[in-house]
Amino acid sequence: VIVHSTHSSVVEGNVLYNVRGAGIYIEDGNEMYNDIKHNVVICPHPFNDSVLSGCTVPGTSNRIADTKDNQSGIFSRANTNSLQGNRVSNNFNGMLLLNEGSGRG
């Protein structure tokens with residue numbers, strides 16, 4: 001699920017299974033007042049799997065998110081959203097808020 005340049009939306013009640021990369025990605029940092037609630041993100045692969053490396057996608061242009069050290073179920077560049085009651089299983093980071101100081105969109 002990608003929230004991109006969106007404001008005051010609701011992402012609710014989703015089950016994401018076997019997603020390679022972030023399950024919920026709040027992309028640019030300019031997204032505001034979105035409600036991300038009661039979603040479930042499940043990675044079924046162990047991090048030490050030599051082929052799949054968990055749910056990462058190695059070799060992309062996003063060096064932050066494509067390694068098993070930074071892979072997260074919920075990844076956000078925007079801190080003005082509401083995240084409530086979400087569950088993340090078997091990801092290195094349940095949620096990663098990357099606050100770089102300004103939006104990119």
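Hydrogens, waters and symmetry mates are skipped; everything else that's a heavy atom, side chains included, is used. Here, residue 1 is the first one in the sequence, and each next residue gets the next number.
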Any chance the side chains of N34 and H7 put a donor and an acceptor closer than 3.5 Å? no
Just to verify, what does [X] make a side-chain contact (heavy atoms from CB on, under 4.5 Å) with, not counting sequence neighbours?
| X | result |
| --- | --- |
| H38 | E12 |
| D35 | V10, K37, S82, Q84 |
| Y17 | I42, P44 |

Testing [options] for side chain to side chain contact (heavy atoms under 4.5 Å, CB included) with [X], which one passes?
| X | options | value |
| --- | --- | --- |
| S72 | L97, V41, L96 | L96 |
| V11 | V1, L83, N81 | V1 |
| L16 | I74, V40, I24, V88 | I24 |

Got a second to check how far E27's CD is from S76's OG, nearest 0.5 Å? 11.0 Å
Shortest non-hydrogen separation from I26 to E31 and the atoms involved: CG2-OE1, 3.8 Å
Looking at every heavy atom in both G13 and N39, which two are closest together, and how far apart are they? N-OD1, 3.3 Å
Can you tell me if N30 uses its side chain to pair, donor with acceptor, with the backbone of D28 under 3.5 Å? no
For side-chain contact (heavy atoms from CB on, under 4.5 Å), just list the numbers for V3 and Y25, CA-CA rounded to whole Å, side-chain angles, deciding distance to a tenth of an Å, and then say yes or no. CA-CA 6 Å; V3 179; Y25 183 31; over 6 Å; no
Do V19 and F92 share a hydrophobic cluster (ILVMFWY, side-chain heavy atoms under 4.5 Å, transitive)? no
